[in-house]
Amino acid sequence: MQERREIKVTSSNPPQQPIGSPFKGKTGFVRIFHAFFHSCAGLSDAWRHESAFRQEILLAAILLPAALWIPVTAAEKSLLIASVLLVMIVELLNTGVEVAIDRISFEHNSLSKRAKDIGSAAVFVALVLMAMVWGLIAGPHLIAAW
């Protein structure tokens with residue numbers, strides 16, 4: 001258990017303010033502008049360093065146009081598209097967890113392994129969800145067209 005330390009305020013010892021991140025100073029449109037370019041850099045890094053992300057992009061390049069082509073309702077099209085995008089989102093989050101853990105240490109650690117395994121499980125669940133959505137919505141139309 002950590003011990004709490006109190007700071008006594010005297011004229012020679014002013015209260016200490018917590019030091020914030022120097023990267024959090026942007027607001028408004030400038031913040032959105034910078035966030036856009038940071039997001040683009042993140043997508044680029046994921047593309048360059050993560051084969052799973054490249055495979056999911058290839059899958060999305062096939063499935064997203066197919067979702068627009070299959071004759072289903074707008075709500076069903078939205079579910080098909082959302083399930084594909086969810087896989088990509090979860091993959092990006094999993095990659096962020098893995099990179100942060102690798103930044104800390106490459107040593108084998110049971111907590112690091114758990115975090116990576118849980119992130120991988122999240123990607124797996126998103127893939128299963130996508131397969132279920134596509135199977136239930138697009139499956140009957142693809143079978144009928146065959």
Q.
Which residues pass the side chain to side chain contact (heavy atoms under 4.5 Å, CB included) test with Val97, not counting sequence neighbours?
A. Ile101, Ala115

(Q) Does any part of the side chain of Leu86, heavy atoms only, come nearer than 4.5 Å to the side chain of Val90, both counted from C-beta? (A) yes

Q. Can you find a heavy atom in the side chain of Val133 that is under 4.5 Å from one in the side chain of Val84?
A. no

Q: Could you list who else is in Ile104's hydrophobic cluster, with ILVMFWY side chains joined at under 4.5 Å, directly or through other members?
A: none

Mind jotting down which residue pairs meet the side-chain hydrogen bond (donor to acceptor under 3.5 Å, both in side chains) criterion with at least one end in [range]? Sequence neighbours excluded, please.
| range | answer |
| --- | --- |
| residues 32-42 | none |
| residues 49-63 | none |
| residues 121-139 | Ser83-Trp134 |
| residues 121-130 | none |

Q) With sequence neighbours excluded, what pairs up with Phe124 under the ring pair (Phe, Tyr, Trp, His ring centres under 6.0 Å) test? A) none

Q) Of all residues at least two apart in sequence or in a different chain, which pass the ring pair (Phe, Tyr, Trp, His ring centres under 6.0 Å) check with Phe37? A) Phe33

**Q.** Minimum heavy-atom distance Gly135-Pro140, with the two atoms named
**A.** O-CD, 3.5 Å

Q | For Ala60 against Pro65, the heavy-atom pair lying closest together | A | O-CD, 3.8 Å

Q | Residue pairs, two or more places apart or on separate chains, that pass salt bridge (charged side-chain N to carboxylate O under 4.0 Å, His left out) and touch residues 78-102 | A | Asp102-Lys116

Taking a hydrophobic cluster as the set of Ile, Leu, Val, Met, Phe, Trp and Tyr residues connected by side-chain heavy atoms closer than 4.5 Å, whether directly or through intermediates, do [X] and [Y] fall within one such cluster?
| X | Y | result |
| --- | --- | --- |
| Leu92 | Leu85 | yes |
| Met88 | Trp47 | yes |
| Leu43 | Leu64 | yes |
| Leu79 | Leu142 | yes |
| Val125 | Ile118 | no |

Q: Please identify each residue that fulfils side-chain hydrogen bond (donor to acceptor under 3.5 Å, both in side chains) with Ser44, with sequence neighbours left out.
A: Arg48

Can you tell me how far apart [atom1] ([X]) and [atom2] ([Y]) are? Round to the nearest 0.5 Å.
| X | Y | atom1 | atom2 | answer |
| --- | --- | --- | --- | --- |
| Asp45 | Cys40 | CG | SG | 11.5 Å |
| Leu58 | Leu63 | CG | CG | 9.5 Å |
| Ile89 | Asn94 | CD1 | CG | 13.5 Å |

Q.
Run the salt bridge (Lys or Arg N to Asp or Glu O under 4.0 Å) test against Arg103 and tell me which residues pass, sequence neighbours left out.
A. none

Sequence neighbours left out, cut at 3.5 Å: what donor-acceptor pairs do the side chains of residues 67-75 make with other protein atoms?
residue	atom	partner	partner atom	Å
Thr73	OG1	Glu76	N	3.2
Thr73	OG1	Glu76	OE1	3.3

